[in-house]
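These notes concern the structure reproduced below.
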Amino acid sequence: MDVDWGAIESDCRRRWADSGLFEAEPDNGRPKRFITVAYPYPNSPQHIGHGRTYTIADVHARFRRLRGENVLFPMGFHYTGTPILGMAKRVAAGDKELMENLRVLYGVPEDEIAGFTDPINIARYFHQEIKSGMIEMGYSIDWRREFTTIDPAYSKFIEWQINTLREKGLIIRGSHPVGWCPEDQNPVSQHDTLGDVEPEFTEYVMIKFLIDGYIVPAATLRPETLFGVTNLWVDQNLTYVRVLVDGQKWIVSRECARKLEFLERTVSYEGEITGADLVGRAAIMPHTGGEIPILPAEFVQSSTGTGIVMSVPAHAPYDWQALRDLADSIDGRPGSAAASDIHPICIIETNTYGRVPAEDAIVAATAGQAEGEEGEVKGEGGCTGQNDPRLEDATKQLYAKEFYEGVMADDVATGKFAGLAVRQAKEDVRAWLADEGHAETLLEILDGPVRCRCGAECVVKILSDQWFLNYGDSRWKESAHRCLDDMSILPNEIRQEFNHVIDWLHERACARQHGLGTKLPWDQDWIVESLSDSVIYMAYYVIAKFVNDGTIRPEQMTREFFDYVLLGMWDDPDVKKWRETTTDIPQDVLRAVRDEFCYFYPVDYRHSGRDLVPNHLTFFILNHVAMFAERLHWPRGIVVNGSVLMDGSKMSKSMGNIIPLRQAIREYGADTIRLAIITSAELLQDADFNMESVHGMRAKLEALYGECIALRDTYGDGAGGDGTAGGGGEEPAETVLPAEDLWLLSKMRQTTLRVGESMERMRMREALHLILFEFESMIGWYTKRTAAKGSDGEGMRRRVAATRVTMLQPFAPHITESMLAALGCESDSEVGVVVGGGGWPDVADDSIDTSVLQAEDLLRDTMDDIASILKVTGIKPNRIMVYVAGPQKMTVYRGVLNCVLEEKRSMGDVMKGLLADPAMSGAKRMPDFVQKALRDILSYTLDTRNARSRSTKFDEAEFLASELPELASAEFGAAEVAVYTESDPEIYDPKGKARHARPFKPAILIE
RNA sequence: GCGGGAGUCGCCCAGCCUGGUCAACGGCGUAGGGCUUAGGACCCUAUCUUUUAGGAGUUCGUGGGUUCAAAUCCCACCUCCCGCACCA
């Protein structure tokens, strides 16, 4: 079947747009449903991965519309942030890689790229690109409410939001360390660095040793080892600087002095001193006043810490090795004699190491590797000296072991920290040193050197006077928990993650100094940060409609405007005065905006990828509970989906496996892509998108379309047909229908109910599976049945197809319109659904006849049994005899069934129960049968047991006699198929098979 | 470390919430058959072991437990993946 997807889709798009089908207006006669998705950041075209969240949300929206709900599904564009700014800079600088991506990967026309030095042009270009893709995918969006986050009216909204939060005391000031580019004067994150490295930093403790009135600070990550210190290390070839740090005289490396400048310290330079000059001097330990020597070491790096290292040879492999190197130096370097006199002081005990853990660690890390190593092998451990890279491994292993398992030695040296676990001691010592004034902290980039895209090396900077949202506020957290507890979180597995994030969040910077966005109203140097201006904007969709049609202008949107529209403060004195004397917005317009807000709010479901759980989605909850009235306008639900993989691996530019969404639509059609995305995985799983499934889906849709066309061709245009199936009263009386039709109706209704349940639970993959595969096998069986009887069953087929296609509509909205048209179900431009019943098929519970379903199961089981006998024996059947259990067995079987329903499950209990009833006396003579019947019954589900116990009228023999012979002859080619009851006096049973018959398990003989 | 998730029949992936319809959906692969000038596409059948009577046996990371019944519930363990911030 050749399908012109492009034509069908563009035709649908035109009709949808012309009819304003997705433009939602308040309607008090219908339940509303407000569905939102996280709006896109327009810095690149959409790819398949982006499409997943939007497609799921759209299927959801369309399903709800079919259910008769008034769905609002809007979209905006998030211009706020720095990455686009960074792109513009790189374009201006002619960045090769970026230009290549823009041209080749993104296909941006050359004249557009020329304008990309202005970040706004980048955003506008990709905005239109993304929007076109959304329209082509058939997303049912109300575009009248579109906006960008740099629209003047949106800025008014954000100003109001951020002012209100500040008045509530939720915005505070403080300082905070960030990765920083000294060149750009801006914080850096992963996006801003060469090689996309996230700058990480650690906090060193600088312990203030003294010489001659100068502080010689040694930076360490292990302050608890101070008690094992034996000497200090410096680089004797390095020139250190003498500086005044906040008025104190310090000696540090030049790099260290520069770092301190960014850490809120006042640094002035007084002079230099060489490392060689320091060697040999005695440093005073701050906590004891004792003296230790300063010695030279090669491993000391000026850029790490302060350029001065505290030596703890017992617990630091580098120190131990350096000491040894020095003592062993044949040329008798300065300090070599002193080094020989130094003995490691062990102050941490573990089960793993001995008295000199550092030495043990070196031996462990280098043992067995000595052979084949380059360079001269020295010492029994095979370590080649303090520059041996394996010392790094030794250090890591030793540190980890001592940190998690170590205990501070019970020793005079460790004083009041003796006996403490190392992880505890570390914190305690740090606090104690700080309290005593013996130490300060030094923040430093851990994974350095990290370079900004501009090329400059990044540092840690303490940003002072930074604005923070105080997510650490415990009352705020409590409200958020209350909100979350009432919310529907789909899938529910991630609820726990939300709880944890709420607990764990603390102050978060909400303003930055660069980028697109809205200025802080009270401090024009700052711009509201992009994750803070996107937390309650769903409310703005209501207002956007009035802004876009010119009803309200940005300058009219004062604080009072929002206080009324969003918070309902009609009678607030300020608002009253404003609306009576100041504003020129007509009162009825004000009322209309407020009414529309109250109609659509709260957000019923917010869709997003799971990467937004620890940030945006949680902020969304927090800010709603802070801004809006408890419960009334708090969000009701969140739907989270996993990401999309391409042939099993992550999509990335470098792998070249990114499929642009619009290209995929052109090649395969929107409906096919939608189905492929939905079928690939259940919500939270990562979906693997691959070409096989795309082809498979397209074939499926084309086949289904072909079926619909065939039904039209053989059946005319179907006037008078009942388009949507299921439970309508105008069908022919069902009592006159043949068995297979009755079964098909019940089966279809049962499956329809299941699809509805799956959709309600957002198990779209499951729903789609039922629609595609369950229906297919149902129709397959029906076809066998009707073919055996020589009928076509077209009327039923068409009814089933209409139901099936109706339910497929949310998934494949374009092609299903053509399918429904072929089936004679006109498309209704008013609601975008099907005429003739309208919307999602309704199924009344009592319209499903379980005994009909059971009967068909019996038929199918019997057919399966015959087939497996034929397969095992390889017989070509001539006559097939089927023997149904007699009335006496049936009576006993029911007796057993009753026993089981009364919780009697063991053979003994059942026998006792049976014999208590005189009608069951026959049971005594057939214990084998009772045993087998019991086993049969125990293996049924509870539902089946109940159903069997209820359907007392069902006559197996009669049903099989009327339905089996034709079917079995057709299927197996037997000339004769006979059905007997076990007790039938006319029975033909040469092999005595009949006695094996059990209820719902007839005996079979094949000749 | 803190938090979350996952381990299923060659591969991918469902089933677990609500125990029985589960030798376990669907897709890919493989084998046989059909269709076709051929190739592709498509359709049918088979695909844990065993079996010439519809049966039996052994399976769902490992080991225990609960139950008449466990892939599914409980406990312990092993392995893998993801997030941990001022960034969209």
Side-chain angles (χ1 to χ4, degrees), chain A residues 38 40-41 43 78 80-84 176-179 187-192 198 200 400 403-404 423 463 466-469 471 491-501 503-512 515 529-532 534 610-616 642-643 645 647-648 679-682 684-688 690 692-693 695-697 699 703 761 765-766 769-770 772-774 776-777 857 861-862 864-875 900 903-907 909 934-935 937-945 991 993 996 1001-1006:
Chain A
Y41 185 68
N43 68 337
H78 197 195
T80 318
T82 50
I84 290 179
H176 193 73
V178 293
V188 287
S189 68
Q190 197 171 346
H191 307 282
D192 311 311
E198 175 69 36
E200 294 178 55
F403 180 73
Y404 296 121
R423 64 170 90 187
L463 276 185
Q466 167 78 283
W467 297 98
F468 291 92
L469 272 163
Y471 289 135
N492 201 40
E493 288 103 289
I494 39 135
R495 181 183 295 278
Q496 191 48 34
E497 210 166 323
F498 277 106
N499 270 315
H500 179 254
V501 174
D503 289 339
W504 161 88
L505 280 172
H506 52 258
E507 302 77 22
R508 183 186 171 91
C510 61
R512 42 164 47 220
E529 185 270 331
S530 57
L531 283 185
S532 303
S534 59
R610 70 173 309 169
D611 51 331
L612 298 190
V613 172
N615 42 66
H616 167 75
S643 62
L645 304 176
D647 284 325
T679 43
S680 55
E682 219 38 273
L684 207 51
Q685 297 295 324
D686 286 344
D688 187 20
N690 54 62
E692 286 87 48
S693 65
H695 287 123
M697 275 304 143
R761 298 170 64 192
R765 183 197 138 102
E766 185 174 81
H769 242 251
L770 289 169
L772 295 179
F773 299 108
E774 188 83 4
E776 195 164 87
S777 69
D857 283 344
D861 289 346
T862 308
D864 285 349
D865 281 349
I866 295 170
S868 55
I869 293 170
L870 293 176
K871 187 192 157 201
V872 170
T873 60
I875 298 174
V900 170
E903 305 286 307
K904 289 175 201 152
R905 295 202 177 105
S906 72
M907 185 63 190
D909 288 347
L934 177 61
R935 213 173 56 195
I937 290 166
L938 278 177
S939 74
Y940 303 155
T941 63
L942 209 59
D943 282 349
T944 310
R945 287 177 201 168
K991 297 222 169 141
K993 290 275 182 195
H996 296 299
K1001 187 77 184 165
I1004 296 163
L1005 174 66
I1006 300 175

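- Atom CD of A:Glu766 and atom C1' of B:C17 are 11 Å apart (whole Å).
- Base engagement by A:Leu505 is indicated by at least one non-hydrogen atom pair under 4.0 Å involving a base atom.
- Taking atom CG of A:Asp861 as the reference point, atom P of B:C22 lies 11 Å away to the nearest angstrom.
- Counting non-hydrogen atoms under 4.0 angstrom, A:Leu531 reaches a base of the nucleic acid.
- When Watson-Crick and G-U wobble pairs are counted only if both distances are under 3.5 Å, B:U52 pairs with no nucleotide at all.
- Residue A:Ser530 has its side chain nearest to B:A88 when only B:A88, B:A53, B:C2 are considered.
- Side-chain to base pairing of A:Asn43 with B:A88: no donor and acceptor N or O lie closer than 3.5 Å to each other.
- Pairing of B:C77, defined by two Watson-Crick or G-U wobble distances under 3.5 Å, is identified with B:G61.
- Rounded to whole angstrom, the span from the NE2 atom of A:His769 across to the C1' atom of B:C12 amounts to 12 Å.
- Considering every non-hydrogen atom in both A:Ser530 and A:Thr80, the closest pair reads CB-O, 3.5 Å.
- Of the candidate nucleotides B:G55, B:G26, B:G3, B:G3 has the atom nearest to the side chain of A:His500.
- Between A:Trp504 and A:His500, the two ring planes are parallel [angle under 30°; tilted spans 30° to 60°].
- With C1' as the reference atom, B:U59 and B:U50 are 15 Å apart, rounded to whole Å.
- Rounded to whole angstrom, the span from the CD atom of A:Glu774 across to the P atom of B:U21 amounts to 16 Å.
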Protein-nucleotides 47-52 of chain B N/O pairs under 3.5 Å:
{"unit_1": "B:U52", "atom_1": "O4'", "unit_2": "A:Val872", "atom_2": "O", "d": "3.1"}
{"unit_1": "B:U52", "atom_1": "O2", "unit_2": "A:Thr873", "atom_2": "O", "d": "3.3"}

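- Counting non-hydrogen atoms under 4.0 angstrom, A:Thr944 reaches nothing in the nucleic acid.
- Remark on RNA chain B: of its neighbouring residues A:Ala1003 and A:Glu497, the 5'-side contact belongs to A:Glu497, judged by nearest-heavy-atom nucleotide.
- Listed here is the closest heavy atom pair of A:Tyr41 and A:Gly81: OH-C, 3.8 Å.
- Under the Watson-Crick or G-U wobble criterion, with both distances below 3.5 Å, B:C2 is paired with B:G83.
- In this structure, A:Leu938 places its CG atom 12 Å from P of B:A70, rounding to the nearest Å.
- Computed from coordinates, the A:Ile937 CD1 to B:G20 C1' distance equals 13 Å when rounded to whole Å.
- Nucleotide B:C11: paired with B:G27 (Watson-Crick or G-U wobble, both distances less than 3.5 Å).
- B:U67 is unpaired under the Watson-Crick or G-U wobble criterion, no partner having all donor-acceptor distances under 3.5 Å.
- Between the base of B:C13 and the side chain of A:Arg765 there is no donor-acceptor pair shorter than 3.5 Å.
- Between the base of B:G83 and the side chain of A:Arg610 there is no donor-acceptor pair shorter than 3.5 Å.
- Within 4.0 Å (heavy atoms only), A:Tyr940 reaches at least one base atom of the nucleic acid.
- Of the side-chain N and O atoms in A:Thr82, one or more sit less than 4.0 angstrom from OP1 or OP2 of B:A88.
- Under the Watson-Crick or G-U wobble criterion, with both distances below 3.5 Å, B:A41 has no partner in any strand shown.
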